[in-house]
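Contents: one structure, followed by commentary.
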Amino acid sequence: MNSVFVYCEIEEGTVADVSLELLTKGRALATKLGVKLEAIALGEGLKNIEKQVFPYGVDVLWVGDDARLAPYTTLPHTKMLVRLFDAEKPQVALMGATSVGRDLGPRVSSALHSGLTADCTSLEIGEYTDAKSGKKYENLLYQIRPAFGGNIVATIVNPECRPQMATVREGVMKKEIFNLQHQGEVKKLNVDEYLDDTDLVVKVIERHMEKSKVNIKAAPIIVAGGYGVGSKENFNLLYELAAVLGGEVGASRAAVDAGFCEHERQIGQTGTTVRPKLYIACGISGQIQHTAGMEESSMVIAINTDANAPINKFADYVITGDLNVVIPKMIQYYKKNSK
Ligand code: FAD
């Protein structure tokens, strides 16, 4: 039985959060399957990578440390992964649903004829019986994600081909240290054996990194507004409440599409996944594509004029009323009762 592999994205010597989240999930899957968790790091100046990934339970770290592998370009990384997977035959391979993972995953999967499920929201191990042949499969990767516009949650299996490949967006899985003392083995890849000139036809001449000013992922309190907020001007009420509480403002896609708020604040399936201590949903109905991005919040307060809004099922406290009346009262009472 072969391993669970995680492709680690690296930026300036640091492993990306999405990769650490996948290592956390990968560790749980590998333990369930009784196999090793293996990580792959490709880039340049990767001296400290093992210190970053071993605490997440990595048993084997494959390192390709070479100037030709940094910054990421499609062909060399694809070649390295295809050849490594061909030799090691992992049963599961995971990568982030980032611009890198979305570029790399399908190419690797196509070269290996393995299949891939993009943007999974959950990964589990289970069994499957083929309805036609009656053949029973055990220990398959359940690749779970919303499908058909979010109307169903599909569980996708890949019984025959390996590796079973999946991408997962940042923030969807939890990042958790497995054991600070955990030690794995480092295996160095001889890049010369993998690459030839045809893999190096693309040269990156210049890179420009745009850093987002908003970091809703890290905010402990999020005041999120939906289409029910009504206008960009009304969103100022939410900014005021967020400022008073020391939080950030988030939004539903309907609010973003209506121009009430910037896209970088969108929460949900096609936005950011958040897990704040407190999530205040204002004028948000609670469609599955939105709740997929906030359902793991520790506490949810829903403010909605509709007493039967689906968001109320996720809420610890429901305030049935007009947000234009409720939010100013919240600001007023919070200011009055806190020093
Ligand atoms: P609505 O559904 O219109 O709800 C507005 C709510 O405001 C209602 O419940 C209403 O009762 C309440 N309301 C109205 N006036 C007031 C008031 N004065 N005071 C209090 N309450 C009031 N959506 C996301 O949010 N994030 C995503 O990432 C996302 N991705 C998607 C991906 C796909 C492929 C698809 C098909 C859809 C996606 N959506 C996403 C859209 C999603 O299906 C919903 O359309 C969207 O979440 C609805 O936003 P909303 O709740 O703000 O608006």
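Each residue takes its place number in the sequence, starting with 1. Since the model is a prediction, treat every value here as computed from it, not as a measurement. Counting starts at 1 for both ligands and their atoms, following the listed order.
- For Ser19 (side chain) and Glu9 (main-chain N/O), a donor-acceptor pair under 3.5 Å exists by modelled atom type.
- The two atoms that bring Gly226 and Phe235 nearest to each other are O-CE1, 4.2 Å, heavy atoms only.
- With hydrogens and angles disregarded, no donor-acceptor distance shorter than 3.5 Å links the side chain of Asp130 to the backbone of Lys135.
- Salt bridge present: Asp192 and Arg68 bring a charged side-chain N and a carboxylate O closer than 4.0 Å.
- For ligand 1, the atoms sitting less than 4.0 Å from at least one non-hydrogen atom of Gly268 are 26 (N), 27 (C), 28 (O), numbered in the order shown with element in parentheses.
- Near Gly321, the atoms of ligand 1 lying under 4.0 angstrom from a non-hydrogen atom of the residue are 19 (N), 20 (C).
- Using the six-membered ring where Trp is involved, Trp62 and Phe5 have ring planes that are parallel, under 30° apart on the 30 and 60° scheme.
- Inclusion of Leu323 in the set of residues having an N or O under 3.5 Å from an N or O of ligand 1 is warranted.
- In this structure, Arg107 contributes its side chain and Arg102 its backbone to no donor-acceptor pair below 3.5 Å.
- In this structure, Tyr227 places its OH atom where only 12 or fewer heavy-atom neighbours from other residues, nucleotides or ligands lie under 6.0 Å away.
- Contacts between Ile267 and ligand 1 below 4.0 angstrom, taking non-hydrogen atoms only, involve the backbone exclusively.
- Pairing each heavy atom of Ser109 with each of Met165, the nearest pair is CB-SD, 3.6 Å.
- Close contacts between ligand 1 and Thr270 involve ligand atoms 27 (C), 28 (O), 29 (C), 30 (N), 31 (C), 32 (C) [criterion: under 4.0 Å to a heavy atom].
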List the steps, then state whether side chain to side chain donor-acceptor pair (under 3.5 Å) holds for Asn304 with Asp306.
CA-CA 5 Å; Asn304 203 302; Asp306 177 3; over 6 Å; no
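- Of all protein heavy atoms, the one closest to atom 2 (O) of ligand 1 is Ser285 OG, 2.6 Å.
- Listed by number with element, the atoms of ligand 1 under 4.0 Å from a non-hydrogen atom of Gln266 are 26 (N), 27 (C), 28 (O), 29 (C).
- Counting heavy atoms under 4.0 Å from ligand 1, residue Gln287 touches it through the side chain alone.
- Distances from atom 53 (O) of ligand 1 to the heavy atoms of Tyr227, Phe148, Phe260 put Tyr227 nearest.
- In this structure, the protein non-hydrogen atom closest to atom 47 (O) of ligand 1 is His290 CB, 3.9 Å.
- For a threshold of 3.5 Å applied to N or O pairs, the pair formed by Gly283 and ligand 1 contains at least one separation below that value.
- Close approach of ligand 1 to Asp322 (heavy-atom distance below 4.0 Å) involves ligand atoms 17 (C), 18 (N), 19 (N).
- Residue-ligand proximity, Gln269 to ligand 1, at heavy-atom distances under 4.0 Å covers atoms 27 (C), 28 (O).
- The closest approach between a heavy atom of Cys282 and any atom of ligand 1 is not below 4.0 Å.
- Of all the listed residues (Ala224, Ala254, Ala255), Ala254 holds the heavy atom that lies closest to atom 48 (C) of ligand 1.
- Taking only nitrogen or oxygen atoms, main chain and side chain alike, Gly226 does not reach within less than 3.5 Å of ligand 1.
- Within ligand 1, the atoms closer than 4.0 Å to a non-hydrogen atom of Asp306 are 11 (O), numbered from 1 in the order shown.
- At least one donor-acceptor pair closer than 3.5 Å links the side chain of Gln164 to the backbone N or O of Leu141.
- Residue contacts with ligand 1: Gly271 is included, with a non-hydrogen atom under 4.0 Å away.
- Of all the listed residues (Asp119, Asn304, Thr291), Asn304 holds the heavy atom that lies closest to atom 9 (O) of ligand 1.
- Of the protein's non-hydrogen atoms, Gln289 OE1, 2.8 Å is the one closest to atom 43 (O) of ligand 1.
- A donor-acceptor distance shorter than 3.5 angstrom exists from the side chain of Gln52 to the backbone of Gly13, with no hydrogens or angles considered.
- Shortest contact from atom 41 (C) of ligand 1 to any protein heavy atom: Arg253 CB, 4.2 Å.
- Closest non-hydrogen pair, Val168 versus Leu123, comes out as CG2-CD1, 4.0 Å.
- Among protein heavy atoms, the minimum distance from atom 15 (N) of ligand 1 is reached at Gly228 O, 3.5 Å.
- The protein atom (non-hydrogen) at minimum distance from atom 50 (P) of ligand 1 is Ser252 OG, 3.5 Å.
- Among all protein heavy atoms, the one lying closest to atom 21 (N) of ligand 1 is Thr305 N, 3.3 Å.
- Under a 3.5 Å cut-off, the side chain of His182 and the backbone N or O of Tyr56 do not form any donor-acceptor pair.
- The number of heavy-atom neighbours closer than 6.0 Å to NZ of Lys187, taken from other residues, nucleotides and ligands shown, is above 12.
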